[in-house]
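Quick note: numbers below take in every heavy atom, side chains included, and nothing from hydrogens, waters or symmetry partners.
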Amino acid sequence: GNPCNVFWQVGSSATLGDPNFEGNILATTSIFLTNPTGVTMCGRLLATAAVTLTSDDITGCTCPDNTCL
């Protein structure tokens, strides 16, 4: 599917260690990106408490064609 239309709902905290991720993460508490070389993500990171980044590249989605910039 298109990463702009993929949503991952997490009950508490999410930790991403994979270098590539596509989609939107909705976390109740927090989101951590932990790959030492950085995470390349196409989508959005939404959390109520914190989103922790190290050396990461976040690319948002655009409408109406729902592609990553």
Please round to the nearest 0.5 Å and tell me the distance separating atom [atom1] of [X] and atom [atom2] of [Y].
X   : Y   : atom1 : atom2 : result
T37 : D56 : OG1   : CG    : 9.0 Å
M41 : N35 : CE    : CG    : 14.0 Å
C4  : R44 : SG    : CZ    : 6.0 Å

According to a hydrophobic-cluster definition based on side-chain heavy atoms being under 4.5 Å apart (Ile, Leu, Val, Met, Phe, Trp, Tyr only), do [X] and [Y] belong together?
X   : Y   : answer
V6  : F21 : yes
L46 : L33 : no
L26 : V51 : no
F7  : V39 : no

Exercise for the section: Would you indicate whether the side-chain heavy atoms of N5 and N24 approach each other to under 4.5 Å? Expected result: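 N24 does not reach N5 side chain to side chain.
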Applying side-chain contact (heavy atoms from CB on, under 4.5 Å), can you list everything that pairs with [X], at least two apart in sequence or on another chain?
X   : result
T29 : S12, S13, A49
D18 : N20
T15 : F32, T34

Practice task
Give a yes or no on whether the backbone of T40 and the side-chain of D57 come within a donor-acceptor separation of less than 3.5 Å.
Solution key: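 Such a contact is absent between D57 side chain and T40 backbone.
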